[in-house]
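First the structure, in the form of C-alpha cells, and then the observations on it.
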Amino acid sequence: METNVKRGSTSLAVKVGFWYVVSTFLAKSLSFITTPLFSRMMSESDYGEFMNFASWLTTLFIVTSLEMFNTLPRAYYDYTDEFDQYNSSVTIASCGLAVIFYGLFLISGEWIYEIVSIPIHYVHILFVVLMFQAGKQIYLARERTMYRYKSVVCISLINLIIPTVIAVILVGLLPVEYRLSGRIYGTYVPIILINLFCVLILLKKRITFKIEHFKYAFKLSLPLFIHFFTAYLLISTNVIVTKSVQGAQAAAVVSIATSVLHILTVLFEALTGAVTTWVMDNLQQGNGNKLYHDSMFYISGLAVVAIGTILFAPEIVWILGGAKYASATPLIPFLVVAVFIQAITSLFTVILTYEKKIVKTAIFTATVAIISIIGKIILMPKYGIDILPTINVVTFGVLFVLNYILVRKTSHCVAINIKGTVVVIMSTGLFAFFSSILYTYTLVRYIVIGTIIIVAIIIILKYRKTLLNAIRKVCKRS
C-alpha cells in the first residue's frame, strides 16, 4: 500500500481534484454532447429505445451496486494494511450481486420484460455491463482515495472517447433498421471491456473475499444506497409527476429545466467526489479548524457556479431545446438553488459517512422524498409547474437542516462554518429571486455579466503575483 503522499494536504487535493472533476464531468456529460448528433442519425423510436435502455442501466446500477464503491474512502482508515484485499472483496461482492439480479431477471418470466420494455436480446448486454460496472467505479474510487489522479483521467477519457467514436461509426454505416443495435453494442461492448480491465487490475495482486469486508461494506453502503437513490428520485420525479398531473407538454418544459439541473448535478457530484478523501483525511487527522476555513472556499466556488448557471439560463435553455422551451427559463433559478443546497448537504453526508452514522440520514432523505412527491401531486394541479422550484428548495432546505443537526451531534461539528455557509446560501437565493428582472431586461443582464467579468479580471491582475505564487506552491507540494 502506498503511503508516500501527504494526506490531508489542501494543495494536493486541489491538483488531484481538478483533474478528477474535469475527467468525470466530461465522461458523465457525454450524453448531452452527443444528443444532437444521435437524435438526427436515429429514428425517433430507436432513439427512444436507447434512452429507455440507458435509463434502466442507470437505475439498475444504483440498485445492483448498492453504492459499495462509495465505502472505499472510509474503509481506507479501518483497513489501511489490507486495503487491496478490501477492494478485492467489494469487487467480487458487487459482481456477484449483479449476477444474482441477472438470474432473478431471467427466471421472472415475460412480465418483467413488459415493465422494462427492453427487447430480450438487449437484456443480456445490459446485465453484462452491470456485472463489471461497479468494478470500474471501485477502481476509480481506489485511485481517488490514493490521490492517483493520472489513472482516473486516463480511464475516464478512454471511457469517453472510444465507445462514442465506435457508436458514431456504426450508427453512420449501418442501415436504418440496425442502427439501434449499432448504438447499443457500439457503446456498451467497449465499456464492458474497459470495466473488465479495471476489475482485472483490482484482482491481479490477490483474489480475496472476506465476509468481514462484505459485512462492513454492506452495513455502510445500505444507508448510502437509500440516501443517494431517494435523492436521485427527488429530482427525477419532477418530470414524472408533471406528466401525470399537467400533461406531456408541461412535462417537456420541465424536462428541459431538469436537463440543466442534471448537468449541474453531474458537476457538483464530481466536485463532492473530488473533496471526499481530502475531507476524511483531515477528519482523521483532527484538522477541524482547517476544514472550517478551507471548506468555505469550496462552498463559495459552488455558489459561483450556481450563479453563473442562473445568469446564463436563457442561453442554456435555448441550446438544449430552442426558443419553444423559453418558458422553462423562470423555473431554473430556484431549482439551481435547490441543487446548490443539496451539494453543500453532501459535505455533511461525507462527515456522517466517516463517523459511520449514515442511517438517520437515509431515513430522513427517504421520508422527505416521499413528502416531496406527495406535495408535488397535491400542489401542482392548483399552482402548475411554477410551484416545482419552491418545493425543491424547501425539500433540500429541510434536508440541509436535518443533516446539520446530525453533524452537530458528532465530534466534528467544528469542521462546519455554518454561519458563513448560510450567508452564501442566502446570497445565492437572493440573486435567484432578482434573476427574473435580469431575464426581462436582457441588456441589464449582459451588463451585470460584463461587470462581474471585469471585476474578476481586475482582481486577478491586482493579485496576480499572489495567485501565481499560490499555483507554484500547489504544483511544488503536489
Side-chain angles (χ1 to χ4, degrees), residues 32 55 228-269 302 305-307 309-346 364-402 425-426 428-440:
F32 300 103
S55 296
F228 285 119
F229 188 63
T230 49
Y232 165 77
L233 290 177
L234 281 172
I235 296 295
S236 62
T237 52
N238 284 338
V239 177
I240 296 172
V241 175
T242 300
K243 187 177 184 301
S244 300
V245 176
Q246 295 286 317
Q249 188 173 354
V253 174
V254 173
S255 68
I256 293 296
T258 303
S259 295
V260 178
L261 289 191
H262 188 58
I263 297 171
L264 197 61
T265 301
V266 166
L267 177 59
F268 283 171
E269 284 179 351
L302 295 179
V305 175
I307 290 173
T309 304
I310 293 171
L311 278 172
F312 289 101
E315 286 75 19
I316 297 173
V317 168
W318 182 82
I319 291 171
L320 290 177
K324 63 181 179 180
Y325 290 108
S327 56
T329 302
L331 301 176
I332 290 176
F334 279 103
L335 286 176
V336 168
V337 172
V339 173
F340 170 57
I341 296 172
Q342 181 192 27
I344 298 176
T345 306
S346 295
F364 286 154
T365 307
T367 304
V368 172
I370 293 170
I371 296 173
S372 170
I373 293 171
I374 294 173
K376 292 173 187 176
I377 295 172
I378 294 174
L379 296 175
M380 284 187 67
K382 182 176 181 180
Y383 298 101
I385 61 176
D386 293 334
I387 197 65
L388 276 178
T390 303
I391 294 175
N392 279 264
V393 169
V394 171
T395 297
F396 287 114
V398 170
L399 287 175
F400 174 88
V401 173
L402 292 175
I425 293 174
M426 295 298 292
T428 306
L430 191 64
F431 188 89
F433 179 77
F434 287 106
S435 61
S436 58
I437 299 175
L438 296 178
Y439 296 155
T440 303

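- Distance check, rounded to the nearest 0.5 Å: CE of Met380 to CG of Asp386 gives 9.5 Å.
- Here the straight-line distance linking atom CZ of Phe400 with atom CD1 of Ile344 works out to 6.0 Å at 0.5 Å rounding.
- Across Leu399 and Thr365, no two heavy atoms sit closer than the pair CD2-CA, 3.7 Å.
- Under the side-chain contact (heavy atoms from CB on, under 4.5 Å) criterion, Ile378 pairs with Ile374, sequence neighbours left out.
- Annotation for Val337 and Gly429: closest pair CG2-CA, 4.1 Å, computed over non-hydrogen atoms.
- Take Phe364 and apply the ring-ring contact (aromatic ring centres under 6.0 Å, His included) test, not counting sequence neighbours, and it matches no residue.
- Atoms OG1 and CZ, from Thr345 and Phe340 in turn, are 10.0 Å apart once rounded to the nearest 0.5 Å.
- Residue pairs meeting the side chain to side chain donor-acceptor pair (under 3.5 Å) criterion with at least one partner in residues 326-342, sequence neighbours excluded, are absent.
- In this structure, the separation between CD1 on Ile341 and CG on Leu302 is 12.0 Å, given to the nearest 0.5 Å.
- At a threshold of 4.5 Å between non-hydrogen side-chain atoms, the residues Tyr439 and Pro314 count as touching.
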Practice task
Carefully, step by step, assess Phe431 and Ile310 under the rule side chain to side chain contact (heavy atoms under 4.5 Å, CB included).
Solution key: CA-CA 9 Å; Phe431 188 89; Ile310 293 171; 4.0 Å; yes

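- The minimum heavy-atom distance between Ile385 and Leu331, with the atom names listed, is O-CD2, 3.5 Å.
- To the nearest 0.5 Å, atoms CD1 (Ile371) and CD1 (Ile391) are separated by 12.5 Å.
- Looking at heavy atoms from C-beta onward, Phe434 lies out of side-chain contact with Leu438 at the 4.5 angstrom threshold.
- Note that CG of Leu430 and CD1 of Ile425 are 13.5 Å apart. Values are rounded to the nearest 0.5 Å.
- Across every non-hydrogen atom of Ser435 and Pro333, the tightest pair is OG-CG, 3.2 Å.
- Looking only at side-chain heavy atoms (C-beta outward), Val339 and Phe268 come within less than 4.5 Å of each other.
- Taking every heavy atom of both residues into account, Phe334 and Pro389 meet most closely at CB-CB, 3.7 Å.
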